[in-house]
Structures are given as C-alpha cells and as structure tokens.
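Notes to accompany the following structure.
Here is how names work: the chains are called A, B, and so on, in the same order as the sequence lines, proteins then strands, and each is numbered from 1. Computation of the quantities below employed the complete heavy-atom set of this structure, encompassing side-chain atoms and omitting hydrogens, waters and symmetry-equivalent molecules.
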There are 2 protein chains.
Amino acid sequence: MKVLSKSSEYGLRALLYMVGKRGGEQEYVSIREMSEQLDISFHFLTKILQSLTQSNILASYRGPSGGVAFNIPPEKIMLSDVVRVLEGEDFFDTCLLGLPGCGEKKPCPMHQFWKEIKAALKHEFETTTLAQMGQITLDSRLRLMP
Amino acid sequence: MKVLSKSSEYGLRALLYMVGKRGGEQEYVSIREMSEQLDISFHFLTKILQSLTQSNILASYRGPSGGVAFNIPPEKIMLSDVVRVLEGEDFFDTCLLGLPGCGEKKPCPMHQFWKEIKAALKHEFETTTLAQMGQITLDSRLRLMP
DNA sequence: CCTAATTAAGAGTATTTTATCTTAATTAAA
DNA sequence: TTTAATTAAGATAAAATACTCTTAATTAGG
C-alpha cells in the first residue's frame, strides 16, 4: 500500500531531518548533507525541496554555507500542508476505485467505507505538526492520537 | 491519494459488476461484456481476472458463452482477499516513509500514527465482503461509470 | 576580482506501471 | 468438421514516475 509518492517520502524525511537539527545554530541546512545522510539522490531532493521553497514552507539561500531553512516554524507546519504541495490539492479527495464521478451524490460501492478512512487520515494529517513528528524520532514511544 | 493500483481498481469493479449480475441465470460472465460496460481495456482486464482465476477466487471457461464466475460465493470473499492477490501479500504492511527497516523495533517518526490508520483499513478490508459492497450498488441503483 | 560552494531550472534518461497487440488453446454450435 | 467466440499467455508499446545530468545564478571568502 503505497500512499505517498517518492517525492513526498523524501520531502518528509528531509523536513524531519531538519526538525531534528534545530536547536543547533545553523540556520540553513545543506541539501547535499541531507541527501547523503538520508541516502536520497541529491538532484532529486533538490527539486523536491525547491517546490517546498516555492510554496513558502521553506526558504533557501545560495552560495557557500547555503541551504534550506524553515520559513514557518515547524510547530505550525501540518503534515497536510506538505503533502498538499507535493501530492496535489486533491490528495484527500480521491475515489478508492478511481471513478471520476464518485462523490456524495453518486457514491461508488466503496464510497461510504472509504470516506471514513479518508476522514481519519485527513484529520491526522491536519492536526499533526512536523515538530510533533520530529519529536517522535527523539522519543519514539510517544503515542499521538486517541 | 492513490491507494490501489489500476489492476485492483479494475479487478474490484469487475467483481462488483459480477455481484450485481448474480440472480440472473448466466453462470459465466463475459470479460468482453465487462470491459465494455465498465470501459476498461479488454486485454488488461483479462490479465487481471486471470490472476484472480489462478488464485481460485474465480473460475473461467473458454469458448462461446464462456467467461468468469465466482469460484467461492462472494459472501465469503473479503476485499482483503482480492487486494492481497492483486497488490501483494504485504499490502497492509508498509511504511509511510518507505523505509525498509521500519517496524515496531525501529519505528520511523510516522510509525505509530500510520499503524493505526493501517489497522483501521485492514480491519475494514478483512471484514467486508464483495457481496456487501455489491449490495450498496444495488441499494443506491447506481452504475459504476459516470 | 576570482574561486569554490551552493541552490535553481530545465533537459535528458531509466524504471515501473499501464495498456495494447498477437498468437495459441479451448469450446459450442452450425 | 469447420467456424466463431471465447480465455490464456506472452511480447510489445505507451505513459507515468523516478532519477540523473548539465548549465546558470547566487554568494561567501580569499
């Protein structure tokens, strides 16, 4: 079950890495460093983070000791903000059977069932911050939602 | 958010179509007919249903008035049975960030969160039958395609 | 100013997924 | 027995996704 594209997987992993590095003084985190530490293609990661920069979640700086930094504190960045940029606006609004006309008016046989799952997923993504997720890395026994 | 491959989407739609046709007399349902009614590539659908035949969910018959039929009553076929065949055994056991080592011992930052969503999905798929899903189609008097 | 280190941008390539095409095997009916 | 209607199986092609490469722009530091 692959829910996120590689772009989102890599993007989220990089953002969580950045959350982990905060507290240190370095404002900008090098994309090269992240690509090496996380074993992600440098050029591919660059492109992914570029789109997060263009949507103002990150800020970037070129030249020596440049890199990317949060443009918004990660306490205020929801997982949904990230996936909406990397996967598209309609991420939480798909039909399980891929039927274009499916919706409340014309539900497919999976609709009610899938709707509930999607709502739970959406709720989690919309109420969980990058900072919270990053925290789990440090304290991996934390449980998030009811 | 694309959870199922096209193979699963098409396979499920065909199976639900077959559930809808039961009660009529025809034992075998023609793949050609389904491909036309559901607007799915005939050859592609044939391959998908072949793998359901090979895993004994369906039975097939060649020659005029041949086709595929349920080998097990759809009241006993769980959605999970179908997706396990069409998506692979590990369908409900993936990491949201795509990390190969992720698990209870070495959870990624998304693990606990994702685990709960997966469990809900798995539970629904494992407790819902094709017949139940098909019933919804009949109840709401809908056709599958827009 | 010059050089090296970095991100930006876009073209190009590879891999995977999805779809099509071709041929073979099976079966019912004329 | 011949023909047409079907599924089976595998090769091929197209499209989408994932990844790589090249060049340009920016910036710090010598």
Would you call E9(A) and K2(A) a salt bridge, using N to O less than 4.0 angstrom?
-> no

Between K21(B) and E33(B), is there a side-chain N and carboxylate O pair less than 4.0 Å apart?
->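 Yes, charged N to carboxylate O under 4.0 Å.
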
Please give, in whole Å, the distance from [N] [atom2] to [X] [atom1]?
X	N	atom1	atom2	value
L52(B)	dA8(D)	CG	C1'	15 Å
L49(B)	dA9(D)	CG	C1'	15 Å
E27(B)	dT27(C)	CD	P	15 Å
I48(B)	dT7(D)	CD1	P	14 Å

Below 4.0 Å: OP1/OP2 of dA9(C) and any side-chain N or O of Q50(A) | yes

With respect to the phosphate group of dA8(C), does any side-chain polar atom (N or O) of Q54(A) fall under 4.0 Å of OP1 or OP2?
-> no

Distance-minimising heavy-atom pair for M133(A) and L16(A) = CB-CD2, 3.5 Å

Which atoms form the tightest heavy-atom contact between S51(B) and S55(B), and what is the distance?
->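 What the structure gives for the nearest pair is O-OG, 2.9 Å.
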
Can you give each donor-acceptor pair under 3.5 Å made by side-chain atoms of residues 66-79 of chain A, sequence neighbours left out, with the distance rounded to 0.1 Å?
residue: N71(A); atom: ND2; partner: N56(A); partner atom: O; Å: 3.2
residue: E75(A); atom: OE2; partner: R22(A); partner atom: NH2; Å: 2.8

Sugar-phosphate or base contact per nucleotide [nucleotides 18-26 of chain C; S, B, -; heavy atom under 4.0 Å] | SSBBB--BB

What donor-acceptor contacts under 3.5 angstrom involve side-chain atoms of residues 85-98 of chain A, with partners at least two apart or in another chain?
residue: E87(A); atom: OE2; partner: S5(A); partner atom: N; Å: 2.8
residue: E87(A); atom: OE2; partner: S5(A); partner atom: OG; Å: 2.8
residue: E87(A); atom: OE2; partner: S8(A); partner atom: OG; Å: 2.5
residue: T94(A); atom: OG1; partner: M1(B); partner atom: O; Å: 2.9

Comparing nearest nucleotides in DNA chain D, the 5'-proximal residue of the pair S65(A), T46(B) is T46(B)

